[in-house]
Each structure stands twice: as structure tokens, then as C-alpha cells.
There are 2 protein chains.
Amino acid sequence: MPARIEDVALKAGVSTKTVSRVFNREPNVSEKARARVEAAARELNYRPNPSARSLAGNRSYLVALLFDNPHAGSSYVMELIVGVLQACENTHYNAMLRPLDLSADPVAAIEEFVAQFRPDALVLAPPIGDDLKILRRLDEWNVRYSAISARSSHARIGVGFDERRAAAEMVEHLAALGHRRIGHIAGRAGHGARAWRLAGYRDGLRKAGLDYDEAVVVDGDFSFESGIAAGAQLLDLRDPPTAIFAANDDSACGAMHEAFERGLSIPRDLSICGFDDTPASAQVWPSLTTVHQPCREMGRIATEQVLLSMRDPGAAQTVRISYEIRIRGSTGPVRAKSATGAYRGARKG
Amino acid sequence: MPARIEDVALKAGVSTKTVSRVFNREPNVSEKARARVEAAARELNYRPNPSARSLAGNRSYLVALLFDNPHAGSSYVMELIVGVLQACENTHYNAMLRPLDLSADPVAAIEEFVAQFRPDALVLAPPIGDDLKILRRLDEWNVRYSAISARSSHARIGVGFDERRAAAEMVEHLAALGHRRIGHIAGRAGHGARAWRLAGYRDGLRKAGLDYDEAVVVDGDFSFESGIAAGAQLLDLRDPPTAIFAANDDSACGAMHEAFERGLSIPRDLSICGFDDTPASAQVWPSLTTVHQPCREMGRIATEQVLLSMRDPGAAQTVRISYEIRIRGSTGPVRAKSATGAYRGARKG
DNA sequence: TTTTCGATTGACAGCGCTGACAATTTGCAG
DNA sequence: CTGCAAATTGTCAGCGCTGTCAATCGAAAA
């Protein structure tokens, strides 16, 4: 049987309340008392019972990371989690995970979840923080939350970076390599990331003095498969782009796949770049030029902020962090163009 | 304020204990009582308070997944987690995550963790289930656990599949393509997976009537970088292999990278296959021939078994599941050999 | 009808902690 | 010293539930 607070109090010669104060870092404990309590606790190998503490304190000490179910299994979410766990270290808080089916009724699912587990705070992985219906309901229920990479400014607390500027820089990088016809594979509708990256794409074109041509902007949904389809669509054009900026790495890899299937060489015949810096982006060959976003740090910061908001509402905010363009092997100088349509139909697998 | 068990009891006209029985699926509750309780609970939108339940029942209703810290962020672990979460659904159990630093003192870390959070059960991700020191301590402390892909049979409860046979099949596949010199990139020392896959490699060679040559077996540690190094080592040989079986996909991708850097074509000049079927393995080009292991299912089963063992010790066991060889583009028929050492030094990046 | 015994139900203490608030001590000006 | 406010410490109820065990019920047996 583990030691209880009473045992510690007895051994330290103080009341249980004083022990409680020490363990909860409450003020108004003399150094002497604190020392005696700490010594006694160490000796008895005492750890507060989380359930008792939750019950008495009417808090769960739980932070839940909500994410889109289809992303379950992705290393992006896993990185976020690790960040959340880091933020919980040395606090009394604990992390929980909740995959959500956004195509069903996420509001109901969240309500059910909150009712059942009573988390003290939520961390919303994208694109959940973009759903105003959800945010408003959370406000109504008075549930604290922090949003990761949310487009809307409705979420007061969270973390993000300037995806639009990053996307623009990526396009400028391509333009600097001499590319004049740069395609874009857009993200999934409803994701803030889609809008931001598309806007950044246009910014980048503008800065490079290039015209926006919707013929070379095709829809995707962030998946590898959608990247294959989008890549095919772009390469089938009469006047295909010489470079493709995909809204994320998975779809960039899909486009790369399609290009290889057609016997193209990358980056000789086609430059491709992505966004996110997933593990796969470094493992493909040539490795993918992309935007590195520090997911783990983002998970950590989002959690820290929401925990901060519990101690000191008003102190917490949306933190803007920095990203990094990682230029790797998949982008290179544009080549003198071969005959129009030369790519079409070659070795299509 | 959410409804309490007392409110439900009052509304249903029964004692709180009867409500408790209904919610804990205890026997000896009449159909009538059950129906009334369920109706009342529904009406009041009642959910048992997890903390109160834990405190009174002296259980945490927590299952923790322990994994090796360096794997944090990998999709493998994430898939396991999703499986663990699936198993917890519709139970009162909840999943927790715990990255562990195996290079430090994992026994102490686990002890600390168990003391603090008091999980009712642990699920051990590889290679934790291979560490007898840890398992014996858990037995001492009387902590239930379930091991995923543990080599040792010390863990009575868990899940795994015949990695050795899968590896052998992979090698036989290569042999069937005409390869006579098949290299192996081994896994990290201490991982059961290393031993199993290496043994399977030898089995496969034997079945194909090929001799084992330690010159084409090089060490790796399951990382992409180690795959690059190992690939370089193999391709630098005077008589390099025409096919490489890597102990996992990351190192296989590394070897592929190295081959491409040398201007080789895959699978024309070199066949490569891996193990695990990570997301990246499908995204590289050509996509990787590999062994698919159903991680999510493994996480789920490992959890189910350990939860089962709480209700009915003796019923739980180590479940052996099936795998699948996924033959994709990275393996192909062997070619007539070019001049010895022809690969060496070409375009080394 | 009465008895018996298993099935069902309930009463109540107490799990280990914290919140509210009361009591006590301390520090310091008067 | 005394008085008083601030700092420190303690008391105790109660958080919402389950374990234990006693009470009650119902149906088959006598």
C-alpha cells in the first residue's frame, strides 16, 4: 500500500493540509515546514493519489489532444502528442488522446467526450481549430482550449506560424530557379492550411512577377493518392508546369510518384516541393524540398499556453513560431523546354 | 454541475449501489431495475465521475503504452496508440502514453511512472518486452503487462507474429527472382526484431539453397541513416549483393537512397526490400517491397488481452497474428551481372 | 401454508485528498 | 510590553463513488 498524505503529515509533524500545500506549490508555507514535509515524503516515497486529488479538487488534471481521425497514425499527430507530453512533464497534468470523426457530428462527439472524461483543457489539432461551430460550442460550455495552426482568430490561445509567408517563400525559391510555370496541388477543403498555402502560392507568384493561372492549380486533399491524381492532371496539360508546389509532403510525394511513373527525372524535368517536412519527405529520393514545421514544439507550446491560461487567464496567447525552408534535392533549375506535351503518355504505369 | 449517481438513484427510485451495479455491468440486477436506471441516467445525461470511481474502486482505469523515446514521433508508435485507444473504447479504461529513455535507467523510470500514475496495466512496445530486467521487476511489483512483439516468452500476455518466417519468405521472394547474393542490413542490437529477422534471413537463404556469407550482413540500427551507411558498405564490396533485405523500412529507404546516389536503378541494378510497411515505404519510388505488420491491430489486441487478464486471469494469452508480404516495385528479377565493382564510386553524392 | 435459499437490493463507511474557514503564531510598530 | 495585521498552520466536511455486508424478496421445496 502506498503512503498517504496522512502518513507524511504524521512523520513530518504537520497537518495533512500543510503537506497538501507543499505538493501543490501553494504560498504561505514556511521553509522549515516545507523541508520537513519534503523529507518525510521522500522517505515514505509518497506520491499524491491522482484520483483523490482530482475528486477533491474538482479537476481532472487532464489535457486532451483532439485530432481528425484520418490523421490517426500520422507522424504529424504523433509529434504533436510528444509535444503535449513534454508540456505535461513536471506538472500534475496528464495527456489524453481523442481521435474525432469530423465527417460525422464532431460537436456531439466532443460533448460526449468532455462529459465523460472532463478534461480541464483541450488542444485542437488542425483542422479542428478552424471549425467555428466547434469553437463556439466550447466557449458556451466554458471549456478551455488551445488551437494549433488555426486559421480563424476565434481561438484566442494557440500556436501557429506564418504558413502563408512560408508558402510564398517556397514559390519564390522555385521562381529563383528559373521556373515560370509553377503548379500547385491544393489541400483539403475546409483546412485553414489549404487557404493559407494557396494564398501564399499566389503571393509568391506575384512577388516573382508571374501570373496566376488556375489551370495549374488542382485540388488535392493532402493525401498521397490525391497527389498522384493531381500530378497526373498537371502533367497531362498541354503546357505542363516545370515545377509543382504541393500543399503538403504527402501529396508532393504522390506527384513525384506520378512523375517517375512517366519516366521523368526529378529535378531535371520537374521540380517538386512540399510542406510539413514529414519523415517520408527525407526518405524519398531525391529528398523533398519542403517547409519544416516544428510539430513537437507546437504541441508543447499549445499545451503550455492552455495550462498557463488556467493559472493566469489573460497571460496566455497565440504564439507565433518560426519555420524553416529546407531545400533538398527535389527542386532544381528549370531546363530548356522540350517539345510541348512530350511527357504525356510516357510509361504510364 | 453534472448529475451524480445519487440523482440517478433518486430519479430511478433505487439505491445508489444499484445504479453503480448497472454502470459496472455487475450481475444480480433485475431487468426492471436496470431499465429504470438506464432511463433515469439517460434523462439526466449522467456519466460516472472517473476520479470518484477510481478512488473508491482503488483502480486507475488507466492503461499505459510504454515505448522507446527515440521512437516517439514514429508512425509505428502512433499506430499502436490508435489500437490501444480502440481497445479502450466502450470500456471504462483510458490510454496513457509514456516515452521511456531505455539508454538511461528504464527500470527506475518505470517505477517512478507506476508510482505516480498507478496504471492498472502496461502495454510494452518493442523492444521493452525484450528486457528481462524490466519484466522481472514488473512481476515483482505485481504490475500487469502485455508485450508487443517480444522475443522472450517471459511475457505471458501479448501479441506478435512470426517475424522469422516473414523474413524468410522475403528472402525466398528475392531468391525466386533469381538473386543469389542477397545482403542483409541488420537491426539494432537488443531488439528481438533484429534477432528474429536475421534468423529468418538465414532460414530463407537455407531454403533457397544459398550459403550464408557474413560479408553481406552489415549492422544497422533501424534508422534511415544507418541504412545509408549500410547500403554504402554493401555496395562498396568487391562483389556486391544484387538484392538487399533490410531489417526495416527506414533502413531499406536509406539503402535505396545510397543506391540512387550512386546512379543505380532500382530494381534493375539492385533489389531492395524492407520490413514493417511504414507510410514512407509506399511513398518512395519505386515503392518498397516489404512485410506488412498490422500495428494498429497489434496495439488493440495487446490491450484487449491485458484488460481481459484483469477480469479473467488465465484467459489472456499471447496472440499470434498474421502478416502479409507486400510485393511492390523495389524488387525485381536479377540482371546479368556487369563487371565486378562497376557500381563503385559512381556519382557518389 | 411455511420454509429455504439464492437472487436482488440497500445502508453506510470510507477511498485520499482539497476547499473553506478558523486558529494560532509571528513580526513589528507603538 | 502590548496590540494588531499578516503569515502560517490546522480542522473538518465532503468530493462521488464502490466495497462490505446486512436486509429483503421471490420462487421452489417441504
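We use all heavy atoms of the structure for the numbers below, so side chains are in, but hydrogens, waters and symmetry mates are not.
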Discussion item. Measuring centre to centre across the rings, with the benzene-like ring taken for any Trp, is A:Phe23 within less than 6.0 Å of A:Tyr46?
Written reply: yes
How would you label the contact of [X] with the nucleic acid (heavy atoms, under 4.0 Å): base, sugar-phosphate, or nothing?
X       : result
B:Arg34 : nothing
A:Asn49 : sugar-phosphate
A:Pro27 : nothing
A:Tyr46 : sugar-phosphate

How many Å lie between [atom1] on [X] and [atom2] on [N], as a whole number?
X        : N      : atom1 : atom2 : answer
B:Asn28  : D:dA27 : CG    : P     : 15 Å
A:Glu31  : D:dT9  : CD    : P     : 10 Å
A:Arg118 : D:dC15 : CZ    : P     : 14 Å
A:Lys17  : D:dT11 : NZ    : P     : 13 Å
B:Leu55  : C:dC15 : CG    : C1'   : 4 Å
B:Asn58  : C:dG16 : CG    : C1'   : 10 Å
B:Tyr61  : C:dC15 : OH    : C1'   : 13 Å
A:Glu26  : C:dA20 : CD    : P     : 11 Å

Practice prompt. State whether A:Asp139 and A:Arg136 are salt-bridged, where the test is any N-O pair (Lys NZ or Arg NE/NH1/NH2 against Asp/Glu carboxylate O) under 4.0 Å.
Written response: no
Discussion item. Taking the basic N atoms (NZ, or NE/NH1/NH2) and the acidic carboxylate oxygens, is any pair closer than 4.0 Å for B:Glu112 and A:Arg47?
Written reply: yes
Response to the item:
Looking only at C:dC17, C:dG16, D:dC17, the nucleotide nearest the B:Arg4 side chain is D:dC17
Item to complete: Identify which nucleotide among C:dT18, C:dT9, D:dG10 has an atom closest to any side-chain atom of B:Ala33, counting heavy atoms from C-beta outward.
Response: C:dT9
Report yes if at least one side-chain N or O of [X] is closer than 4.0 Å to OP1 or OP2 of [N]; otherwise report no.
X       : N      : value
A:Asn24 : C:dT18 : yes
A:Ser30 : D:dT9  : yes
B:Arg59 : D:dG19 : yes
A:Thr16 : C:dC17 : no
B:Ser20 : D:dT18 : yes
A:Thr18 : D:dT8  : no

Discussion item. Should the side chain of A:Arg21 and the base of C:dG19 be counted as holding a donor-acceptor pair, with the cut-off at 3.5 Å?
Written reply: no
Discussion item. On the six-membered ring of A:Tyr61, is A:Arg53 placed so that its NZ or CZ lies under 6.0 angstrom from the centre and within 45° of the ring axis?
Written reply: yes
Worksheet item: Are the side chains of A:Asn94 and B:Phe117 in touch, meaning some heavy atoms are under 4.5 Å apart?
Response: yes
Practice prompt. Tell me, yes or no, whether the heavy-atom count around B:Glu6 atom CD, taken from other residues, nucleotides or ligands under 6.0 Å, exceeds 12.
Written response: no
